[in-house]
Amino acid sequence: MRGLYRRSSLWRTRREAPHSLFFFSNALCTDANIDGVQSSRIKVFDRHFRRKQLDRAAWLMRSKDSFVDTVAENLLDRLEDCKKTFPAALCLGGQLEAVRRLLRGRGAIEKLIMMSASSDMVELCRNAERELQTENIETSFMVGDEEFLPIKENSVDLVLSCLGLHWTNDLPGAMIQCRLALKPDGLFLAAILGGETLKELRIACTVAQMEREGGISPRISPLAQVRDAGNLLTRAGFTLPGVDVDEFVVRYPSALDLIEHLRAMGETNALLQRNTILKRETALATAAIYDSMFAAEDGTIPATFQVIYLTGWRDHPSQQRAKRRGSATVSFQDIQKQFGSED
């Protein structure tokens, strides 16, 4: 990686109907019972292959990754905005090692469970834990699937997930399970990749396949759109939902370096119906088109990563709530008269 640039935006969501469906960019539709019964109508991701990806990433993840560290840091910064402490926390899948390394006492966590579907990733985190003896956190490690959380209900105060939940077949169902694992007034924080991620690679790959093969096959996984993120939190039953969006532009010497970075992060294609064979001429054409369409004057190529940060709380009587409709005691006409608005 040569450079990292960031553009950020903020969306605050309004409450939507809890039964509204959440759509991925390829029209995937999943459904989950709000009481925690999970059901997925369509399987999009190969979860077994996803575990292999994480196993490989655990071996490739031998040096710090500036992009991953930035996302993890931004996610953990949200804990500093909370006056509340979180004695028991669960960290799910994705970039576990970066989250643990950058935690630095935020959230006043006393007990931390680190869980991944990859045993190699769990072992990597276990080995890295030995270098963090200065932090007084009781850390335990678990191999488990985000789609079927082996966590008791009402058992943790905080659930963290950094770049992991966008690989679940039933994202609403996984988030419902996260909510059920939280104690009342518990916090859910997650960072997932959004639909604008790798838009340059999508364009280059599509053009190359059309030219060389006369058609296209899915090479990049479908991702959630920003406009659906608020509905997703509400549908999962979280209160006080918030959605933040960061857009990072990372520059690489070549398309090959981009692919190697994706491998090291465990973010390569894990579609269930993926084409496992990529013709050499198609790969070379993709790299050439990428370079011709997007390369900068210095020869580097940009890659966009859209990161969606999700924040939600488990319901508690102490939380602020909207007033009942029709309960206002002052009319807008009275306010207009009081302030003498010319309008």
Side-chain angles (χ1 to χ4, degrees), residues 1-10 50 53-79 91-104 106 114 116 118 121 124-125 128 160-167 189-205 219-224 226 229 243-270 287 290-291 294-296 298-310:
M1 273 188 302
R2 292 282 298 277
L4 177 63
Y5 303 89
R6 174 185 175 189
R7 297 193 292 268
S8 67
S9 303
L10 173 65
R50 172 62 182 159
Q53 283 182 322
L54 292 173
D55 289 340
R56 179 177 60 189
W59 288 99
L60 295 175
M61 202 180 295
R62 298 304 176 185
S63 59
K64 296 180 181 178
D65 187 316
S66 60
F67 168 67
V68 170
D69 283 3
T70 300
V71 175
E73 192 76 51
N74 290 346
L75 184 69
L76 294 172
D77 276 346
R78 285 153 174 77
L79 293 177
C91 186
L92 295 176
Q95 306 299 331
L96 291 179
E97 189 275 335
V99 172
R100 180 64 184 93
R101 173 165 43 84
L102 298 172
L103 189 57
R104 297 177 188 145
R106 282 178 281 200
M114 305 194 72
S116 175
S118 164
M121 188 64 73
L124 172 69
C125 296
L160 286 167
S161 178
C162 182
L163 301 180
L165 285 178
H166 53 272
W167 289 107
L189 279 177
I192 62 174
L193 293 179
E196 293 298 309
T197 298
L198 299 178
K199 58 185 179 182
E200 300 90 353
L201 182 59
R202 293 175 191 270
I203 294 172
C205 191
R219 290 290 178 184
I220 301 177
S221 299
L223 297 167
V226 176
V243 179
D244 298 79
V245 181
D246 275 351
E247 191 172 280
F248 301 91
V249 179
V250 186
R251 296 197 171 274
Y252 299 88
S254 67
L256 180 60
D257 292 278
L258 166 59
I259 299 303
E260 289 302 316
H261 184 210
L262 295 176
R263 288 175 180 268
M265 291 194 298
E267 296 291 340
T268 50
N269 188 5
Y290 203 135
D291 185 74
F294 302 105
D298 60 359
T300 61
I301 61 168
T304 299
F305 292 88
Q306 185 185 55
V307 181
I308 304 174
Y309 299 94
L310 305 173

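In plain terms, the two heavy atoms of Thr300 and Arg251 that are nearest each other are OG1-CD, 3.6 Å. Closest of all the heavy-atom pairs between Ala58 and Leu124 is O-CD2, 3.9 Å. Shortest non-hydrogen contact noted between Asp291 and Gly299 is OD1-O, 4.3 Å. Here the closest non-hydrogen pair linking Leu223 and Gly194 is CD1-O, 3.2 Å. Taking every heavy atom of both residues into account, Ala57 and Gly266 meet most closely at CB-N, 3.8 Å. Closest approach of Ala191 to Leu75, counting heavy atoms only: N-CD1, 4.1 Å.
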Exercise for the section: Apply the test salt bridge (charged side-chain N to carboxylate O under 4.0 Å, His left out) to residues Lys64 and Glu97: give CA-CA distance (whole Å), side-chain angles for both, the deciding distance (0.1 Å), then the verdict. Expected result: CA-CA 10 Å; Lys64 296 180 181 178; Glu97 189 275 335; over 6 Å; no
Practice task
Evaluate the criterion side chain to side chain contact (heavy atoms under 4.5 Å, CB included) for residue pair Leu76 and Leu160; output intermediate values, then yes/no.
Solution key: CA-CA 9 Å; Leu76 294 172; Leu160 286 167; 4.0 Å; yes
Exercise for the section: Could you walk me through whether Val307 and Ile192 pass side chain to side chain contact (heavy atoms under 4.5 Å, CB included), step by step? Expected result: CA-CA 6 Å; Val307 181; Ile192 62 174; over 6 Å; no
Problem - Evaluation steps, side chain to side chain contact (heavy atoms under 4.5 Å, CB included), between Gln95 and Val71 - result: CA-CA 10 Å; Gln95 306 299 331; Val71 175; over 6 Å; no
Handout entry: Audit row: Asn74, Asp244, side chain to side chain contact (heavy atoms under 4.5 Å, CB included) steps and yes/no
Key = CA-CA 10 Å; Asn74 290 346; Asp244 298 79; over 6 Å; no
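Under 3.5 Å, the side chains of Ser66 and Asp69 contain no donor-acceptor pair of N or O atoms.
Scanning for side chain to side chain donor-acceptor pair (under 3.5 Å) contacts around Glu200 gives Thr304, with sequence neighbours left out. With sequence neighbours left out, the side chain to side chain donor-acceptor pair (under 3.5 Å) criterion links Arg78 to no other residue.
Atom SG of residue Cys162 and atom CZ of residue Arg100 lie 14.5 Å apart, to the nearest 0.5 angstrom. The structure places CG of Leu96 at 5.5 Å from OG of Ser116, a figure rounded to the nearest 0.5 Å. The structure places CD1 of Ile203 at 11.0 Å from CG of Leu198, a figure rounded to the nearest 0.5 Å. From Leu193, atom CG reaches atom CD of Gln306 across 9.0 Å, with rounding to the nearest 0.5 Å.
Checking side-chain atoms of Arg202 against main-chain N and O of Thr197 turns up a donor-acceptor pair under 3.5 Å. Counting only distance, with no hydrogens or angles, the side chain of Tyr290 and the backbone of Pro302 share a donor-acceptor pair below 3.5 Å. Side chain of Arg106 to backbone of Leu103: a donor-acceptor contact under 3.5 angstrom is found.
Note on ring orientation: taking the six-membered ring where Trp is involved, the planes of Phe67 and Phe305 are tilted (angle from 30° to 60°).
Each of His261, Gln53, His166 was evaluated against Glu267; a single residue qualifies, His166, per the side chain to side chain contact (heavy atoms under 4.5 Å, CB included) test.
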